[in-house]
Peer 1: 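Pasting in a structure now, in structure tokens, and then I'll have a few things to ask.
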Amino acid sequence: MCKLLKALNLKLPEQEGQPPMQEKQDKPEPVNEKPSPNLVVGPLANFDYGSVPDIAKAIDTVVKRLGDGVVSYEPALSTVGMPKAYDIAVSIAAGSTHKAEGPKTLAFTIDGADPKLVVGEGFEAFAEDDIEARVRGAVSRLDDKATLTFDIPWAELKKEGTHRLNVGIEATATHRAAGPKTMEVVVKRRKPVLKVLGAFPDGPCEIDTKKHAAWIKKVQTELPKLIDVDGSTGKLSFKPPLDKLKHEAGDYNFTVSLAGTEFCLPADDVTTSFKVFMSNSEASQLFSKWLDANSKTLQPQQRSALKAAKASTAFDFRALPQASRCATPADVTKLVQQFSGEAKDGRDKIWALLGYPSVNSSAAYQMDDNITLEGHKFHITVSFNSTALPTAKLTGAADAIYTQLFMGPIAKMRVHGTMEFVSTTGGEKIHLFLGGVDGEDTPWATKIADLKKDGRRWKRDQGAERETQINAMQLRLDTWKTKMVTAITAKITELGALKF
């Protein structure tokens with residue numbers, strides 16, 4: 001009834017003496033709540049950068065919950081990865097069977113990766129080497145862009161001595177710092193080797209004094225270019241000094257030194273030399289003085305030989321090889337001895353060893369009896385001066401010694417064949433000297449070839465007969481050479497022991 005009255009918005013009349021009727025309240029219907037997902041976060045151990053392949057998966061592994069609620073992370077897992085400390089808020093939304101929960105904090109740190117700094121063994125180096133490149137080449141690390149640190153400046157490291165170099169590596173965005181690790185570097189100064197690349201040319205003394213300054217300048221400029229300093233920047237010096245140079249005849253012997261530098265030791269000295277030859281008049285004057293001083297002690301054949309030498313080309317230096325030219329009085333004396341036999345072991349000993357013990361008894365010695373060829377006689381002549389007198393020991397094989405003794409510019413003119421009572425229509429005596437030349441050092445083969453070009457002259461000078469005679473004499477001279485080489489071979493030890 002009450003419900004009906006309430007629906008009709010009517011009230012029952014109150015009865016006297018009774019309390020007002022209380023209106024009955026409606027109770028809410030009970031709600032059924034979802035259970036907790038029991039969210040459990042971590043712990044997650046700290047780790048090095050790059051050591052966990054899938055960080056999101058690793059985090060998800062340490063987040064435990066019930067139900068199918070969606071887990072969210074703040075900050076998002078896609079931003080997690082670089083080395084630093086992380087506080088990640090983990091929440092779970094309500095699912096079909098469990099209510100929401102969170103956030104709960106997952107705290108961990110990603111440390112920088114180990115750069116794997118490896119410092120190789122120490123080494124020895126020369127100060128001028130690229131030491132920095134060698135040091136860097138001996139150091140390795142994972143991050144090639146990471147900055148290496150060295151506690152000794154490179155300029156200091158190039159100084160001679162033993163250096164203990166500490167090597168470190170600075171931290172990067174992904175790798176931590178490392179080091180220091182020590183490397184021992186022993187730095188030495190290299191010792192360069194001086195080399196003489198060539199000889200400054202010998203030459204005559206300039207008679208014109210106006211040219212002396214130019215010659216001195218040339219020596220000062222060109223002589224240092226002939227010294228290889230082996231890469232050193234040290235100061236090159238000459239003793240005697242080049243700035244004290246004078247242009248006069250003589251032997252010029254220099255000691256060359258190379259000073260040390262910050263990177264190189266001083267080099268061992270080397271020597272270089274050249275000659276400035278006397279003028280013909282200077283040498284001739286010395287020759288005359290020597291001749292006057294020794295005239296009383298000279299044998300007749302020696303005096304004759306020396307006079308002949310002076311009268312011919314012995315002291316005309318333009319006609320002699322440079323090796324025979326004279327730069328000092330001592331050179332003149334040696335050259336005089338080549339024609340006088342005045343050395344300690346003279347020509348008489350050489351001839352005796354070669355089988356001619358009596359050659360020194362006369363100025364000339366006719367080796368062969370007269371021989372008739374083509375109706376004419378010829379002979380081969382050997383004189384006391386037929387051998388040059390060496391200025392050094394005789395060395396080498398027999399052929400080489402033969403050349404030293406008999407093929408000099410003067411000596412080769414002493415052994416010759418002569419056609420007796422025969423001359424060309426020009427009055428020229430027919431002589432054949434060693435080497436197949438005439439008295440003017442012209443090969444007879446050349447002369448005959450020229451003669452053949454003029455048929456009339458060839459016929460007039462009996463060219464065919466002359467050619468036969470020359471060839472016959474050449475054969476006899478060849479036989480004589482063979483005889484001398486055989487004699488040299490037999491006495492090569494004794495010849496080598498002679499002192500000149």
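Quick note: residue numbers are just sequence positions, from 1. Treat the numbers as computed from the prediction; the structure is a model and nothing was measured.
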Peer 1: Show the nearest heavy-atom pair for residues Ile492 and Ala398, with the distance to one decimal.
Peer 2: CD1-N, 4.1 Å

Peer 1: In this structure, are over 12 heavy atoms from other groups packed under 6.0 Å from Ile207 atom CD1?
Peer 2: no

Peer 1: What is the ring orientation for Phe200 with Trp215, classed by angle as parallel under 30°, tilted 30 to 60°, or perpendicular over 60°?
Peer 2: perpendicular

Peer 1: Enter the distance from Glu121:CD to Met183:CE here, rounded to the nearest 0.5 Å.
Peer 2: 9.5 Å

Peer 1: Do Asp129 and Arg190 sit within salt-bridge range, that is, some charged N less than 4.0 Å from a carboxylate O?
Peer 2: no

Peer 1: Please step through side-chain contact (heavy atoms from CB on, under 4.5 Å) for the pair Thr233 and Phe263, ending with a clear verdict.
Peer 2: CA-CA 9 Å; Thr233 58; Phe263 299 145; over 6 Å; no

Peer 1: Judged by atom type as modelled, is there a donor-acceptor pair below 3.5 Å linking the side chain of Thr109 to the main-chain atoms of Asp111?
Peer 2: no

Peer 1: List the steps, then state whether side-chain contact (heavy atoms from CB on, under 4.5 Å) holds for Arg176 with Tyr49.
Peer 2: CA-CA 10 Å; Arg176 59 180 179 266; Tyr49 173 82; over 6 Å; no

Peer 1: With side chains defined as the heavy atoms from C-beta onward, is the minimum distance between Thr149 and Ile169 less than 4.5 Å?
Peer 2: no

Peer 1: Got a donor-acceptor contact below 3.5 angstrom from the Asn166 side chain to the Asp151 backbone?
Peer 2: no

Peer 1: Judged by atom type as modelled, is there a donor-acceptor pair below 3.5 Å linking the side chain of His212 to the main-chain atoms of Lys246?
Peer 2: no

Peer 1: As a quick check of understanding, evaluate side-chain contact (heavy atoms from CB on, under 4.5 Å) for Leu498 and Leu353, giving each step before the final call.
Peer 2: CA-CA 11 Å; Leu498 296 179; Leu353 288 172; 4.1 Å; yes

Peer 1: Distance check, rounded to the nearest 0.5 Å: Glu222 atom CD versus Lys217 atom NZ?
Peer 2: 11.0 Å

Peer 1: Where do Cys264 and Ser232 come nearest, in terms of heavy atoms and distance?
Peer 2: CB-OG, 4.0 Å

Peer 1: Whether the side chain of Tyr86 engages the backbone of Gly81 through a donor-acceptor N/O pair (distance < 3.5 Å, no angle test) should be reported.
Peer 2: yes

Peer 1: Using the test side-chain hydrogen bond (donor to acceptor under 3.5 Å, both in side chains), find all partners of Asn46 that sit at least two apart in sequence or belong to another chain.
Peer 2: none

Peer 1: Can you confirm whether Gln474 sits close enough to Asp478 that some side-chain heavy atom of one is under 4.5 Å from a side-chain heavy atom of the other?
Peer 2: yes

Peer 1: Could you check whether any side-chain heavy atom of Leu236 comes within less than 4.5 Å of a side-chain heavy atom of Leu194, counting everything from C-beta outward?
Peer 2: yes

Peer 1: If you measure from CG on Asp243 to OG on Ser237, what distance do you get to the nearest 0.5 Å?
Peer 2: 11.0 Å

Peer 1: Is it true that Lys191 and Asp268 have a side-chain N and a carboxylate O under 4.0 angstrom from each other?
Peer 2: yes

Peer 1: Do Leu226 and Thr272 make a side-chain contact, defined as non-hydrogen atoms from C-beta onward lying under 4.5 Å apart?
Peer 2: no

Peer 1: For residues 133-143, please give each side-chain donor-acceptor pair under 3.5 Å, one per line with the distance, not counting sequence neighbours.
Peer 2:
residue, atom, partner, partner atom, Å
Arg134, NH1, Glu124, O, 3.0
Arg136, NE, Glu132, OE2, 3.1
Arg141, NE, Asp143, O, 3.4
Arg141, NH2, Asp144, O, 2.9
Arg141, NH2, Ala146, O, 3.1
Asp143, OD1, Lys145, N, 3.0

Peer 1: So which atom in Pro192 and which in Leu258 form the shortest heavy-atom distance, rounded to 0.1 Å?
Peer 2: CG-CD2, 3.8 Å

Peer 1: Could you check whether any side-chain heavy atom of Leu354 comes within less than 4.5 Å of a side-chain heavy atom of Lys491, counting everything from C-beta outward?
Peer 2: no

Peer 1: Roughly how far, to the nearest 0.5 Å, is CD1 of Ile488 from OH of Tyr402?
Peer 2: 8.0 Å

Peer 1: Between CG of Asp202 and CG of Asp251, what distance do you get to the nearest 0.5 Å?
Peer 2: 9.0 Å

Peer 1: Taking the side chain from Arg189 and the backbone from Thr261, do they hold a donor-acceptor pair closer than 3.5 Å?
Peer 2: yes

Peer 1: Tell me, please, which residues at least two apart from Glu156 pass salt bridge (charged side-chain N to carboxylate O under 4.0 Å, His left out).
Peer 2: Lys159

Peer 1: Do the side chain of Lys181 and the main chain of Leu117 share a donor and acceptor less than 3.5 angstrom apart?
Peer 2: yes

Peer 1: Less than 4.5 Å apart, side chain to side chain, heavy atoms only: is that true for Cys205 and Met278?
Peer 2: no

Peer 1: Just by modelled atom types, is the Leu242 backbone N or O under 3.5 Å from a matching donor or acceptor in the Gln220 side chain?
Peer 2: yes

Peer 1: side-chain contact (heavy atoms from CB on, under 4.5 Å) between Tyr252 and Leu245: does it pass, once the steps are laid out?
Peer 2: CA-CA 10 Å; Tyr252 288 76; Leu245 196 63; 3.7 Å; yes

Peer 1: Mind telling me whether Phe254 and Phe238 have parallel, tilted or perpendicular rings, with 30° and 60° as the class edges?
Peer 2: perpendicular

Peer 1: Less than 4.5 Å apart, side chain to side chain, heavy atoms only: is that true for Ile110 and Met82?
Peer 2: no

Peer 1: So do the side chains of Lys195 and Val270 get within less than 4.5 Å of each other, counting heavy atoms only?
Peer 2: no

Peer 1: Identify the two heavy atoms, one from Lys158 and one from Glu128, that lie closest to each other, and give their separation to 0.1 Å.
Peer 2: NZ-C, 4.1 Å

Peer 1: Between His163 (side chain only) and Ile152 (backbone N and O only), is there a donor and an acceptor less than 3.5 Å apart?
Peer 2: no

